[in-house]
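Reading through the structure tokens given below for one structure.
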Amino acid sequence: MSSSPLTATPTPLLPAKSKSPPSHHPLLPHLPHCTSLRALAQLHAAAVKSGLGAYPAFVTRLLTLCTEQGAAPAHLAYARQACAAAQAGEEGRQAHGVAVKTGAADHEYVLPTLINMYAECGDTQSARAMFSRVPDGDCVVSYNAMITTAVRSSRPGEALVLFREMQAKGLKPTSVTLTSVLSACALLGALELGRWIHEYIRKAGLDSLVKVNTALIDMYGKCGSLEDAIDVFQGMESRDRQAWSVMIVAYANHSYGREAISLFEEMKKQGIKPDAITFLGVLYACSHSGMVSEGLQYFDSMRESGINPGVKHYGCVTDLLARSGQLEKAYKFIDELPIKPTAILWRTLLSACGSHGAVDLGKRVFERILELDDTHGGDYVIYSNLCANTGEWEEMNRVRKLMNEKGVVKVPGCSSIEIDNRVHEFFAGDGRHPHARRMVDQVIEQLKLVGYVPNTSQVFHVEMGEEEKATSLRYHSEKLAISFGLLNTSPGTTLRVVKNLRVCPDCHSMAKLVSMLFNRRIILRDLNRFHHFEDGVCSCGDYW
DNA sequence: GTAGGGTTAG
């Protein structure tokens, strides 16, 4: 423990978020009458419920009382929740100040809370400062807090580095560590590591915990191994809503719409009530399996289940309509929504215009997007590609010019491959990664040998004949084809490789081909994360 | 004290 706890007060201070608080806090006058910590907790809960939990004067007063009454570590948690909820960095700092005053700041229960609080307020630096104060040897929970934070901020690689560090120190991971690390694996598509963790979980006897199993299902689902996800799900003794939901999403991700839906029906039969996210999974499943009418029915049935549709549900319905080619209907749907449409909704439609070659509507949609958000590089790319594909060269040039004028930042598309426990990431237009070059070259060669034409995501369904199958396959290929080949090996050659490996015969043979090439299991998936690529070294090289 | 699920995207 440090003898000068004040040095723990972080600098520089984050500017306090200028959320103008309401002039009156109905619960504030009650605070002084709370004579027990329990009463304080209740009042705090009420404040959070009313949305005024982070009202600065309220938080300050709460903290003062906590101090007076000998703040137990748990009370800092109330403050943390309140501060995090409002991203109130300043009030969080006050909570920290209270902790320092009461000598609780270095308490083994308090440090993780502080780490988490700063992380949730976006102050990574202070979170790290707190972490560095954790003495070695008794810091599993603090590690957990850091790992969780990294995962939540989409930095799975960092989470894995911390996990390794923990192990090197001989710290025993808990179920919390393992669920977080599994989430990191899911984000990275790191199946081999995920399996290793699964083995560890079995040996540690943690494989009956619902949360752990849910994380496993999610990891397997996102890493391309649906069978393993099903195995875990079926092996569970009890399943809660979340477990059912992840399994539904896993099916959906693999384009098993029917299975996703029968699971949903089964879930309801067993008396588990779906929530908003379960419905998202169901809608997602429908839109990615071409089940338009079913999707619309489920959308309509949401209110009967007492759930109000949110933007994301609208997004799924837009996708459902647009992907199936009902572009005008999708346009009307967005236009007539009870809420103000977001750029994402229009973007969903724009992307479908792209795959359906609908320039005219695409133009209208593109304009709607620009009204809302003209900083998103992807919109310009999709629209200008659409123009190029339909021969609208003038329009294409205009868009490209516009893009330059606006100085839009292009975030490159990113794909990743796991080879021998190592996740490699590749970025659009960057062919410097040694594995990437070799792989793309070889894959292209092999594809040519079997008569596979690059850039053929549209070709898949053409040969199928049957209308329904054709539509269904188009979903697979459009959704699942990843722009692995954005690494152009020769001018004009774009290769697309399929993400989820067992959706259709074409995809399957692709996967087989790729794994034959390397004689080992390979996972391909797309990630849209931003990483730096310096001196020819991919930052993912350190992950595992 | 720390933990699991969610729309679009070249």
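Proteins come first, then strands; the chains are lettered A, B, ... in the order of their sequence lines, and each starts at number 1.
Each side-chain hydrogen bond (donor to acceptor under 3.5 Å, both in side chains) pair with one or both residues in residues 205-218 of chain A, not counting sequence neighbours, appears once here: A/Asp218-A/Lys222.
Considering only residues two or more places apart in sequence or on other chains, A/Asp335 meets the side-chain hydrogen bond (donor to acceptor under 3.5 Å, both in side chains) condition with A/Arg368. In this structure A/Tyr383 satisfies the side-chain hydrogen bond (donor to acceptor under 3.5 Å, both in side chains) test together with A/Glu395, sequence neighbours excluded. Legend: residues meeting salt bridge (charged side-chain N to carboxylate O under 4.0 Å, His left out) with A/Glu165, ordered by chain and number and at least two apart, are absent. Legend: residues meeting salt bridge (charged side-chain N to carboxylate O under 4.0 Å, His left out) with A/Glu265, ordered by chain and number and at least two apart, are A/Lys268. Judged as a salt bridge (charged side-chain N to carboxylate O under 4.0 Å, His left out), and not counting sequence neighbours, the contacts of A/Lys406 are A/Asp374. Remark: A/Arg128 engages A/Glu158 in a salt bridge (charged side-chain N to carboxylate O under 4.0 Å, His left out) (not counting sequence neighbours).
Close to B/dG6, at under 4.0 Å from its OP1 or OP2, lies a side-chain N or O of A/Lys222. OP1 or OP2 of B/dA9 has at least one side-chain nitrogen or oxygen of A/Arg323 nearer than 4.0 Å. For the OP1/OP2 pair of B/dA3 and a distance below 4.0 Å, the side-chain nitrogens and oxygens of A/Ser180 include no atom meeting the criterion.
Residues from residues 326-333 of chain A lying near DNA chain B, meaning a heavy-atom separation below 4.0 Å, are absent. The stretch residues 144-152 of chain A touches DNA chain B through A/Asn144, A/Thr148, A/Arg152, each having a heavy atom within less than 4.0 Å of the strand.
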